[in-house]
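We're numbering straight along the sequence, starting at 1.
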Amino acid sequence: MGTATMGTATTDERALVKLKREHGPALLNFLLGLTYGDRQRAEDLLQETLVRAWQHPEAFAAPYESMRPWLFTVGRRLAIDARRSRLARPAEIGDGALAGTPDPADPADRAVAALDVRAAVRSLSPEHRAVLVEIYFQGRSVAEAAQALGIPAGTVKSRSHYALRQLARSLPGYHRAAAAPAAVA
């Protein structure tokens, strides 16, 4: 059932048309379920499955009564691969996130942010502030900060953790991941 094309065998087009007519609707419904109803993705997966059938004429010679199990297996594997690929990529964000972000080049915004950071750092205990100064402002490693402050490295790590947590709570406009900004009265 294959024809030679540039040295590689492919499935005969008539067999492929028949395959799509007989199994396409059922395969599309199966793929719709795997893509949670995303018709575009399901159609893309259907098309890719048919390309695989075209590229592998030996599948037609298998001792199966029907090609449907082979098609469903290929489609399922393609859906799994596509999902893993999407999950491996970082999430895309729209322009909405950028619209609410202050322009870093704006000197007034930078000055206000600097004042807020200074006030937040001043509110820390002297021990926590000293650790942050060593690590973030002096650019020292944990071991170097520990040596400069005369305390164990574990204490430096612990103090920096708690200091950063306190800064996160006290800096205005800072919100973790999905937290919504507070309403201004």
Side-chain angles (χ1 to χ4, degrees), residues 27-49 51-52 55 72-185:
L27 182 58
L28 180 61
N29 283 333
F30 174 69
L31 294 170
L32 278 168
L34 294 179
T35 59
Y36 303 102
D38 186 335
R39 188 162 194 85
Q40 183 63 47
R41 280 197 179 128
E43 288 174 355
D44 288 346
L45 291 169
L46 172 67
Q47 204 59 30
E48 183 61 31
T49 303
V51 167
R52 298 289 169 93
Q55 292 173 332
F72 276 52
T73 299
V74 170
R76 183 177 60 81
R77 288 179 180 163
L78 288 170
I80 290 168
D81 290 348
R83 179 165 168 71
R84 286 180 181 159
S85 176
R86 277 192 316 281
L87 292 176
R89 281 180 273 169
E92 296 177 10
I93 60 169
D95 292 342
L98 296 176
T101 306
D103 181 6
D106 185 0
D109 286 340
R110 279 199 320 246
V112 169
L115 289 173
D116 289 341
V117 170
R118 284 187 187 130
V121 170
R122 273 195 306 271
S123 74
L124 297 173
S125 70
E127 295 84 8
H128 288 123
R129 187 172 42 250
V131 167
L132 290 187
V133 165
E134 291 297 321
I135 293 174
Y136 293 100
F137 297 112
Q138 299 297 326
R140 294 194 171 134
S141 69
V142 170
E144 292 168 338
Q147 186 176 12
L149 295 170
I151 58 176
T155 303
V156 170
K157 289 179 185 178
S158 174
R159 287 181 183 173
S160 67
H161 169 78
Y162 287 110
L164 290 173
R165 261 180 56 186
Q166 179 60 36
L167 286 177
R169 277 185 252 139
S170 62
L171 282 171
Y174 178 85
H175 297 285
R176 287 256 180 222
V184 178

Trainee: Does Phe72 CZ have over 12 foreign heavy atoms under 6.0 Å away?
Mentor: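 Yes, because the 6.0 Å sphere around CZ of Phe72 holds more than 12 heavy atoms from other groups.
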
Trainee: Counting only heavy atoms not in Arg86 (residues, nucleotides, ligands), do more than 12 fall under 6.0 Å from its CZ?
Mentor: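 Count over threshold, so yes.
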
Trainee: Return yes if some donor-acceptor pair links the side-chain N/O of Ser170 with the main-chain N/O of Gln166 below 3.5 Å, else return no.
Mentor: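 Yes; at least one donor-acceptor contact below 3.5 Å.
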
Trainee: Enumerate, atom names and distances included, each donor-acceptor pair closer than 3.5 Å involving a side-chain atom of residues 75-83, sequence neighbours excluded.
Mentor:
none

Trainee: Which heavy atom of Leu124 sits nearest to which heavy atom of Ala163, and what is that distance?
Mentor: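 Answer, listing the atom of Leu124 first, then Ala163: CD2-O, 3.9 Å.
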
Trainee: Report yes if some heavy atom in the side chain of Glu144 is under 4.5 Å from a heavy atom in the side chain of Ile135; otherwise report no.
Mentor: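 They are not in side-chain contact.
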
Trainee: Within this structure, what is the CZ-CZ distance for the pair Phe137 and Arg129, rounded to the nearest 0.5 Å?
Mentor: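 Separation between the atoms: 11.0 Å.
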
Trainee: Does any non-hydrogen side-chain atom of Leu34 lie less than 4.5 Å from one of Arg41?
Mentor: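 Sidechains of Leu34 and Arg41: no contact.
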
Trainee: Taking all atoms of both residues into account, what is the closest heavy-atom pair of Pro152 and Ala146, and its distance?
Mentor: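 That would be C-CB, 3.9 Å.
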
Trainee: Run the side-chain hydrogen bond (donor to acceptor under 3.5 Å, both in side chains) test on Ser125 and His128 for me, step by step, so that the C-alpha distance in whole Å, both residues' side-chain angles and the decisive distance to 0.1 Å come before the verdict.
Mentor: CA-CA 5 Å; Ser125 70; His128 288 123; 2.7 Å; yes

Trainee: Do Leu164 and Tyr136 have side chains that approach each other closer than 4.5 Å (heavy atoms only, starting at C-beta)?
Mentor: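 Leu164 vs Tyr136: side chains touch.
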
Trainee: Rounded to the nearest 0.5 Å, what separation is found between the OG1 atom of Thr49 and the CG atom of Leu31?
Mentor: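 Reported to 0.5 Å precision, the distance equals 5.5 Å.
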
Trainee: Any heavy-atom pair between the side chains of Leu32 and Asp38 that's under 4.5 Å?
Mentor: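 Counting from C-beta outward, Asp38 and Leu32 never come under 4.5 Å.
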
Trainee: Taking the side chain as everything from C-beta on, heavy atoms only, tell me whether Leu27 gets closer than 4.5 Å to Leu45.
Mentor: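 Sidechains of Leu45 and Leu27: no contact.
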
Trainee: Is atom CD of Gln147 surrounded by more than 12 heavy atoms (other residues, nucleotides or ligands) closer than 6.0 Å?
Mentor: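 Result for CD/Gln147: open.
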
Trainee: Show your working on side-chain contact (heavy atoms from CB on, under 4.5 Å) between Arg39 and Leu28 and close with a plain yes or no.
Mentor: CA-CA 9 Å; Arg39 188 162 194 85; Leu28 180 61; 3.5 Å; yes

Trainee: What pair of heavy atoms forms the shortest contact from Ala42 to Thr35, and how long is it?
Mentor: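 Smallest interatomic distance, heavy atoms only, reads CB-OG1, 3.8 Å.
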
Trainee: Show the nearest heavy-atom pair for residues Ala148 and Glu134, with the distance to one decimal.
Mentor: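 Result for this residue pair: CB-OE1, 3.7 Å.
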
